[in-house]
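Okay, so here's the structure we're looking at.
Below, chain A is the first sequence line, B the second, and so on; all start at residue 1.
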Amino acid sequence: MTSVRELIGSRADGRRVVIKAWVRTKRETKNATFLEINDGSCFSNLQCVFDGDAGAGIATAMEKATTGASVAVGGTLVESPAAGQPVELKADSLEVIGVAPVDSYPLQKKAHSLEFLRGIAHLRPRTNTFGAIARMRNQMAFAVHSFFQERGFNYVHTPIITASDCEGAGEMFQATTLDLDALAKNGGPVDYSKDFFGKKSYLSVSGQLNVETYCMALGKVYTFGPTFRAENSNTTRHLAEFWMIEPEIAFAELPDNMALAEEFVKYLLSWALDRCREDIEFFDKRVQPGLIAMLESVRSSRFAHMTYTDAVKELVAHEEIFEFKPYWGCDLQTEHERYLSETIVKGPVIVTDYPKEIKAFYMRLNDDGKTVRAMDVLVPIIGEIIGGSEREYRYDVLLARIRELGLDEKAYWWYLDLRRFGTAPHAGFGLGFERLMRYVTGIENIRDVIPFPRAVKQAEF
RNA sequence: UCCCCUGUAGCUCAGCUGGCAGAGCAAGUGGCUGUUAACCACUGGGUCCGUGGUUCGAAUCCGCGCGGGGGAGCCA
């Protein structure tokens, strides 16, 4: 089947084609009618030109060829005499396959707000913006796999349902086959031994603990799959269901992890700049002016490194500008993170060695006994895009940390086993795929870079 | 979970200290034109989110409910 992409990239050799696509706009003049059609194969539309006196058959069909209608257009591919497109279709036949009545089809021949389009998520991929997002999302997913596959990483499919509530990365969705309505009527305690798995189960908030097990066998691994967090958060950068990439490398320490993260981010930006040119030019022009220049500068930059302790010193020196006053031991606020990358460094910065109190139990304890080998990659505008760490691989230290935090050590038996049998230093990080998408498209609201957003009180479609 | 803003034509919005419901775009009709975010003219189009209240009179003021947006926290 001929695609618009294929035709636009071809020579205007006068070949006859029939192309099936959807109508974007129609402009009628006395001598000609211009029908712009798009089939999603690329950003550009194909301009189909019909003679004004093309005949009654075409005139009748043309009335129904309104914005959104699906059509089959036959004609010959010719050089366009006007500016705006190199080639066009000199059309001689038109069939309307499916109409889109103008009085009920929500999309018009005009710009719509992203808020409005969010309410018609089933139709929004037909717009320029969401078509471009969808193609770019596809490309970025491909880029993720390419990066790791080129470097000998193994893609590991970690489970989506988990019966361990010890992942510790946020509120979890419970997964159950129990009849909640019946239980509510009866009252009384719930007997989870009657649930599907014989105990409480959840949707995974992270594949990290699971992927570490395969790291300790395959060496270099990564996960890339959906993740679920039942946080009651309502922001432009959180979703209840999102996709996360989590690489994990064996015999590696924090500097190796930092180098991998930097290389990964640059690889992804290069892919976006080099292979999604038409779509990213649209974002640069209409969504976030300066996007391409910013991404290019990050691609060619060297990421700054800074310890948490040094970062706090910088922040304290300018504490008057912050709503939340920084101090050693505080969690870095969004305003702090953005100040570090946007004002102090003026580019990406990796902050390392955070106080153990504000980080997860599995991060390797430094010799000072106060900080852990954590790292956050902060970029301008977006803030934190990657969070990771070197893992605690010493059995005694890890067990002590679990006990210190009052966690149930029995629940971590298999995780601790990794440290009992052939333990090795290892490190990894997590990158939220939708946050990457926000970064490379300039789209602000995370609900616009995933086809069907899932958030608090939002699960339509 | 907290704070702020918001809900008026198909869409984006204006509507002042309460007094006859408006614009641009979209749509329809006509004109013009190898047009391309087309242009010009005319026309049609309203449960002013819902509900209760204040008032001679409410889109406008107040209470409650529902929806949308932004910020914070949590984090990716």
- Query: Side chains of A/S10 and A/R15: do they bring a donor and an acceptor to under 3.5 Å?
  - Reply: yes
- Query: A/F116 CZ to B/rG10 P: how many Å, rounded?
  - Reply: 11 Å
- With sequence neighbours left out, which residue pairs that include part of residues 65-75 of chain A fulfil the side chain to side chain donor-acceptor pair (under 3.5 Å) condition? none
- Message: Rounded to whole Å, please give me the gap between CD1 in A/I120 and C1' in B/rU12.
- Response: 14 Å
- Query: If we call it a pair only when both distances are under 3.5 Å in a Watson-Crick or G-U wobble match, what pairs with B/rG45?
  - Reply: none
- Message: Does the structure show a Watson-Crick or G-U wobble partner for B/rC66, both distances under 3.5 Å? Name it, or say none.
- Response: B/rG7
- Which residues satisfy the side-chain hydrogen bond (donor to acceptor under 3.5 Å, both in side chains) test with A/D39, sequence neighbours excluded? A/S41
- Query: In whole Å, what is the span from the CZ atom of A/R118 to the C1' atom of B/rG67?
  - Reply: 14 Å
- Note on the structure: Re B/rC56: Watson-Crick or G-U wobble partner, both distances kept under 3.5 Å, found to be B/rG19
- Figure out the CZ/C1' separation between A/R447 and B/rG70, and round it to whole Å. 11 Å
- Message: Less than 6.0 angstrom from the centroid, inside 45 degrees of the normal: does A/R151 satisfy that with respect to the ring of A/Y222?
- Response: no
- Say you pick atom P in B/rC61 and the same atom in B/rC75; how far apart are they, in whole Å? 40 Å
- Grab the CZ-P distance between A/R27 and B/rU35 for me, whole Å please. 10 Å
- Query: Looking for any heavy atom pair under 4.0 Å, which part of the strands does A/N128 touch: base, sugar-phosphate only, or nothing?
  - Reply: nothing
- Message: For A/L273, run the side-chain contact (heavy atoms from CB on, under 4.5 Å) check against A/I280, A/L268, A/V440 and tell me which one passes.
- Response: A/I280
- In a check of side-chain contact (heavy atoms from CB on, under 4.5 Å) between A/R124 and each of A/D448, A/I133, A/L107, which one passes? A/D448
- Message: Just to be sure I understand the rule, does A/E337 reach a base, reach only the sugar-phosphate, or reach nothing, if contact means heavy atoms closer than 4.0 Å?
- Response: nothing
- Message: Pairing donors with acceptors under 3.5 angstrom, does anything connect the side chains of A/T371 and A/N366?
- Response: yes
- Message: One character per nucleotide, please: for nucleotides 25-33 of chain B, 5' to 3', B when the base has a protein heavy atom closer than 4.0 Å, S when only the sugar-phosphate does, - otherwise.
- Response: BSS----SB
- Atom-to-atom span, CG of A/L431 to C1' of B/rC75 - whole angstrom: 13 Å
- Item | Nearest-angstrom distance, C1' atom, B/rC16 to B/rC32 | 41 Å
- Message: Please report the distance separating the C1' of B/rC3 from the corresponding atom of B/rA58, rounded so that it comes out in whole Å.
- Response: 29 Å
- Task: Write down the distance separating the P atoms in B/rU54 and B/rU8, rounded off to the nearest Å.
- Result: 27 Å
- Query: Roughly how far apart, to the nearest Å, are B/rA38 and B/rC25 at atom C1'?
  - Reply: 14 Å
- Message: With rounding to the closest Å, how many angstrom separate the C1' atoms on B/rG52 and B/rU12?
- Response: 31 Å
- Task: For nucleotides B/rG70 and B/rG10, find the distance between their P atoms and express it as a whole number of Å.
- Result: 24 Å
- Message: Taking the C1' atom in each of B/rA9 and B/rU35, what is the distance between them to the nearest angstrom?
- Response: 29 Å
- Looking at every strand, decide which applies to A/E115 at a 4.0 Å heavy-atom threshold: base, sugar-phosphate, or nothing. sugar-phosphate
- Query: So which heavy atom on A/I386 is nearest to which on A/A261, and how close?
  - Reply: CD1-CB, 4.1 Å
